[in-house]
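These notes concern the structure reproduced below.
On a predicted model such as this, the values are computed, not experimentally measured, just so you know. Note that these values count all heavy atoms, side chains included, but never hydrogens, waters or copies made by symmetry. Lettering follows sequence order; numbering is per chain, from 1.
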There are 2 protein chains.
Amino acid sequence: MTSERKQFTKRDIFETMPPGKVKIIEALKSLLEIKEYDAITTAEIARTAGVSEPLIYKHFKDKRDLLYVVLRHYLDRHLARFELDLKGINGTLNKLRRLIWMHINVYASNRIIAKLLSLVVRGMPGFYTSETYDWIVTVYAKTVLNVIEEGIANGEIRNDIPPKFIRQVLLGSLEHICLREVIFDKDIDPDELTDNLCKLLFRGIENTNGPTGGQT
Amino acid sequence: MTSERKQFTKRDIFETMPPGKVKIIEALKSLLEIKEYDAITTAEIARTAGVSEPLIYKHFKDKRDLLYVVLRHYLDRHLARFELDLKGINGTLNKLRRLIWMHINVYASNRIIAKLLSLVVRGMPGFYTSETYDWIVTVYAKTVLNVIEEGIANGEIRNDIPPKFIRQVLLGSLEHICLREVIFDKDIDPDELTDNLCKLLFRGIENTNGPTGGQT
DNA sequence: AAAGACGGGTGAGTAATACTCACTCACCAA
DNA sequence: TTGGTGAGTGAGTATTACTCACCCGTCTTT
């Protein structure tokens, strides 16, 4: 009987929400499947949700604010697995490879997420002060950084480049190698991209002073 | 007397333009200095230019189309130098270093360009079918690719990764290492960033089978 | 020189759309 | 009973990108 203790998942979040709010979120989600954000009007969202337009503004600051919440819902299930999925893997570079593959795979299998992150919210000034942004940084970017720092500490990764810089290069590369296919809706091959990226980056970041105890 | 032959520069372009068009372009440019694109209205542009609003639509398809033209004007003087500036340098990696430094330096010294490229036009679907985009690809992206391919041919760069992939990683890294500072208007240090990026990437892309004659 | 095409330029207007105001209704606490 | 609170709405508004019909001067054509 004491088995479930904390397990706060998406389901709980939805259950404590007023039904109208849930309907609005789901409405925007379903509209994003068929057209891009800028082409979706608030009237359309309300109509699809079966609620009145002002209700959107009762629950969300803006149309954009609503988008940030929707983006978070989309990312939720993916990001939840990220940390766990790294647990079983030993070796920093193996963890990084796994991370890279997962990132690309999310973009490959969910174009809405890819488009929102690479093209839409990126240009919205308010995004960088939103809860969703904070959450992504905490859950994802920090995880990546931890892996890199761990690699530096155990001597697998060179220590003459700031870890945050390495992360920037990694994340920038990830986004850019998918960008063309995201924009033009072409297929993405996670395996091939992962291979090439690892080939290139790993040789750039690995510690050449010997595999272990490479502390200067 | 036969000294000047082709020399078509910005000045010529402007001179063959109707004065209203020039005024509109200059108006948007000066407005971009003080506020972001989305906050600028067409009425404001017309007022600043001292022309009527419909004239904008006589000369440009949209407000966005105008932005693309303005972006091209901004980039014009910078990109014109790119190819020339590489001429004197020998060694592919040295050329790449120079290229990297120049790219970062443009972002560091011209925040409007940086913001437009990284945040604004990136999310506009129409941009990727605009003349400006074609032009950037031709003048800049192709130059980068040529340098990389030259490096592969002469054995300085490894040949087991597609040159276009290397370019993607390079350009993605460049954009992403500046992104935070561009968004939050913080200073960018081109020298430091160039050093770190070259340290990381060069080891990743250089050919380890010997410096010359590395053709497989 | 008349006709007319053409390009730059404008005054007045319009459709669309994100967002607001004032309000109702149901529920719950004191 | 009263009053507060939060979900929800009908009607409205300000803003804004964009358009229509039109004017005028300058070339070209016959």
Side-chain angles (χ1 to χ4, degrees), chain A residues 12-32 34-71 116 120-121 123-127 129-130 132, chain B residues 12-32 34-71 116 120-121 123-127 129-130 132:
Chain A
D12 301 284
I13 296 172
F14 269 109
E15 274 170 6
T16 62
M17 268 186 193
K21 190 168 181 180
V22 177
K23 281 193 271 179
I24 290 167
I25 292 172
E26 294 299 330
L28 180 52
K29 274 189 179 179
S30 74
L31 286 169
L32 281 170
I34 55 174
K35 61 205 306 190
E36 55 171 311
Y37 172 76
D38 281 326
I40 297 170
T41 69
T42 52
E44 214 171 353
I45 296 169
R47 185 158 30 83
T48 307
V51 301
S52 69
E53 224 179 319
L55 191 60
I56 295 172
Y57 297 92
K58 276 273 148 70
H59 294 301
F60 307 95
K61 205 169 63 61
D62 281 313
K63 193 186 159 196
R64 287 174 173 187
D65 184 38
L66 165 60
L67 179 67
Y68 304 150
V69 172
V70 165
L71 174 62
L116 289 182
V120 183
V121 297
M124 297 179 171
F127 177 64
T129 54
S130 71
T132 300
Chain B
D12 301 287
I13 296 171
F14 269 109
E15 275 171 5
T16 62
M17 269 187 194
K21 189 169 181 179
V22 177
K23 280 193 272 179
I24 290 167
I25 291 172
E26 293 299 329
L28 179 52
K29 274 190 179 178
S30 73
L31 286 169
L32 281 170
I34 53 173
K35 61 205 307 190
E36 55 172 310
Y37 172 76
D38 281 326
I40 298 170
T41 69
T42 52
E44 213 171 353
I45 295 169
R47 185 158 29 83
T48 307
V51 301
S52 68
E53 223 179 319
L55 192 61
I56 296 173
Y57 297 91
K58 278 273 147 78
H59 294 302
F60 307 95
K61 203 170 63 63
D62 314 282
K63 194 185 157 196
R64 287 175 173 186
D65 184 38
L66 165 60
L67 180 66
Y68 305 149
V69 172
V70 165
L71 174 62
L116 289 181
V120 183
V121 298
M124 298 179 171
F127 177 63
T129 55
S130 71
T132 300

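- The two residues A:Lys23 and A:Gly50 come nearest to each other via the heavy atoms NZ-O, 4.5 Å.
- In plain terms, the two heavy atoms of B:Ala27 and B:Ile45 that are nearest each other are CB-O, 3.6 Å.
- Listed pair B:His59 / C:dG9 meets the phosphate criterion, a side-chain N or O lying under 4.0 Å from OP1 or OP2.
- We find that CG of B:Leu55 is positioned 9 Å from P of C:dG8, with the value rounded to whole Å.
- Between atom CG of residue A:Leu66 and atom CD1 of residue A:Ile40 there is a gap of 9.5 Å, rounded to the nearest 0.5 Å.
- Between the NZ atom of A:Lys63 and the P atom of C:dC19 there is a distance of 8 Å, given to the nearest Å.
- Residue pairs meeting the salt bridge (Lys or Arg N to Asp or Glu O under 4.0 Å) criterion with at least one partner in residues 48-69 of chain B, sequence neighbours excluded, do not occur; the list is empty.
- Nearest heavy-atom pair, A:Phe60 versus A:Ile24, reported as atom, atom and distance to 0.1 Å: CE1-CG2, 3.8 Å.
- How far CD1 of B:Ile56 is from OG1 of B:Thr42: 5.5 Å, rounded to the nearest 0.5 Å.
- In this structure, OH of A:Tyr57 is placed 12 Å from P of C:dT17, rounded to the nearest angstrom.
- Residue B:Pro54 is the one, among A:Arg64 and B:Pro54, whose nearest nucleotide of DNA chain C lies closer to the 5' end (criterion: closest heavy atom).
- Summarising the geometry of A:Tyr68 relative to A:Gly126, their closest heavy-atom pair is OH-C, 3.7 Å, with the distance given to 0.1 Å.
- Here the shortest heavy-atom pairing between B:Thr132 and B:Leu71 reads CG2-CD2, 4.2 Å.
- Note that the CG atom of B:Leu116 and the CZ atom of B:Phe127 stand 9.5 Å from one another [nearest 0.5 Å].
- Mapping heavy-atom proximity under 4.0 Å, the span of DNA chain D touched by chain B runs 5' to 3' from D:dT16 to D:dA21.
- Summarising the geometry, the separation between NZ on B:Lys58 and C1' on C:dG9 is reported as 7 Å, rounded to the nearest angstrom.
- DNA chain D is contacted by B:Ile40, B:Thr41, B:Thr42 of residues 37-49 of chain B, taking any non-hydrogen atom closer than 4.0 Å.
- In this entry the distance linking CD1 of A:Ile56 with C1' of C:dT17 reads 12 Å, nearest Å.
- One atom, CZ of A:Phe60, and another, P of C:dA18, lie 15 Å apart when rounded to the nearest Å.
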